[in-house]
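Throughout, protein chains are lettered first and strands after them, A, B, ... in sequence-line order, and every chain is numbered starting at 1. Every heavy atom of this structure was used, including side-chain atoms; hydrogens, water molecules and symmetry mates were not.
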Protein chains: 2
Amino acid sequence: MGRGKIEIKRIENVNNRVLTFSKRRNGLVKKAKEITVLCDAKVALIVFASNGKMTDYCCPSMDLGAMLDQYQKLSGNKLWDAKHENLSNEIDKIKKENDSLQLELRHLKGEDIQSLNLKNLMAVEHAVEHGLDKVRDHQARENDGRGESATQFPAVVSGSLLSANSCMRP
Amino acid sequence: MGRGKIEIKRIENVNNRVLTFSKRRNGLVKKAKEITVLCDAKVALIVFASNGKMTDYCCPSMDLGAMLDQYQKLSGNKLWDAKHENLSNEIDKIKKENDSLQLELRHLKGEDIQSLNLKNLMAVEHAVEHGLDKVRDHQARENDGRGESATQFPAVVSGSLLSANSCMRP
DNA sequence: TCACCTATCTATAACGC
DNA sequence: TGCGTTATAGATAGGTG
């Protein structure tokens, strides 16, 4: 419907495509409004331009939510039930992750360790030793940097704790 | 577009209205398809006739669920009910909890501690010391219980580590 | 109901500004 | 970028079989 006939295929010229989009989108919305009024129809329309910008129309007599409820009933398609399930699954997943983090945390704090076997207990010990080592090392450097020679925590070189511990061994 | 011009108002004659609906609905869907192809647009269209019969069209490149997700983001309208939002909020909450757990965990392992100030660093140190203490204590009791007197880790009474450490202080 | 017809109306492609 | 103009293609109102 214009000066020349066009094929229905992607318009390659960008400016042209954008221009045509704008015109046809307006036309589409207009037609949607018209059929709503003329024929007592209920219409919902959502259009995204290729740049992501959105236009929507929904008949005044029914809101989009109600239209979609009806859509789901009649089409059998599940829009939010599926979504709902996905969210629930995600919650379960994250909660499990959370639980295992909490347990690990408690272990590192020396809690709930009665359930650990010797091997795991040793692993926890090593982790904690290593952590303490790094913390003290960092603390030492903090103190050095500030030139605070008489702080509560003396500069302890990495590994010193283990040495201190080992001096108690037979 | 026909033998005579018509006003855009409800067509009172039922047969006429139904007929016009059928024609215009087809035209609307056709236009929706055309703009999809011509302009790379994403279009979703749902139409209910006054008798309740439904027609729908959704562009092939995005399913209706995804379109509606996008719609909600861009419009701010909430389609999924409160239940849904609650789930989303819960996910956000748990994720945040998760993040802070992970951070605490890294701190206890001596990672990412450069961001801590001295006070917090000391708190971490105490936590780790305490944890190590408990772990060793438990380990010791494990060994005692099994009668393994010559294990790699000697029985260390609670607090011994700190004593060992304190012997290095001035 | 449905399909087809066609005169007419509308949408819009290609311009210009 | 957006609005106005115009010639034309496409949609469709009303009619017929």
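For the side-chain contact (heavy atoms from CB on, under 4.5 Å) with B/I46, the qualifying choice from A/L68, A/V43, A/L74 is A/L68, the only one to do so.
Scanning for salt bridge (charged side-chain N to carboxylate O under 4.0 Å, His left out) contacts around B/K78 gives B/E85, with sequence neighbours left out. Evaluation of the salt bridge (charged side-chain N to carboxylate O under 4.0 Å, His left out) rule for B/E111 yields no partner, not counting sequence neighbours. Listed by chain and number, the residues in a salt bridge (charged side-chain N to carboxylate O under 4.0 Å, His left out) with A/K96 amount to none (sequence neighbours excluded). Shown here are the side-chain contact (heavy atoms from CB on, under 4.5 Å) partners of B/N15, two or more places apart in sequence or in another chain: B/N13. Under the rule for a salt bridge (charged side-chain N to carboxylate O under 4.0 Å, His left out), B/K93 has no partner lying at least two apart in sequence or in another chain.
The hydrophobic cluster containing B/L87 also includes A/L87, A/I91, A/I94, B/I91, B/I94, under a criterion of side-chain heavy atoms closer than 4.5 Å among ILVMFWY residues, counted directly or through chains of members.
Residue pairs meeting the side chain to side chain donor-acceptor pair (under 3.5 Å) criterion with at least one partner in residues 100-109 of chain A, sequence neighbours excluded, are A/E104-B/K109, A/R106-A/D112, A/K109-B/E104. Residue pairs meeting the side chain to side chain donor-acceptor pair (under 3.5 Å) criterion with at least one member in residues 58-70 of chain A, sequence neighbours excluded, do not occur. The list of side chain to side chain donor-acceptor pair (under 3.5 Å) pairs with a residue in residues 33-50 of chain A, not counting sequence neighbours, reads A/E34-B/R24, A/T36-A/Y57, A/D40-B/R10.
Among the atoms of the strands shown, base atoms are found under 4.0 Å from some heavy atom of B/K23. As judged by a 4.0 angstrom heavy-atom cut-off over every strand, A/S22 is placed among residues making no nucleic acid contact.
In the helix from C/dC2-D/dG17 to C/dC17-D/dG2, the terminal helix axes, each the rotation mapping four pairs' C1' atoms onto the next four within five end pairs, subtend 30°, rounded to 10°.
Taking 4.0 Å as the cutoff to heavy atoms of chain B, we find the contact window on DNA chain D bounded by D/dA11 to D/dG14. For DNA chain C, the outermost nucleotides in 5' to 3' order that have an atom under 4.0 Å from a heavy atom of chain A are C/dA11 to C/dA14.
Mapping B/R3 and A/G2 onto DNA chain D by nearest heavy atom places A/G2 closer to the 5' end of the strand.
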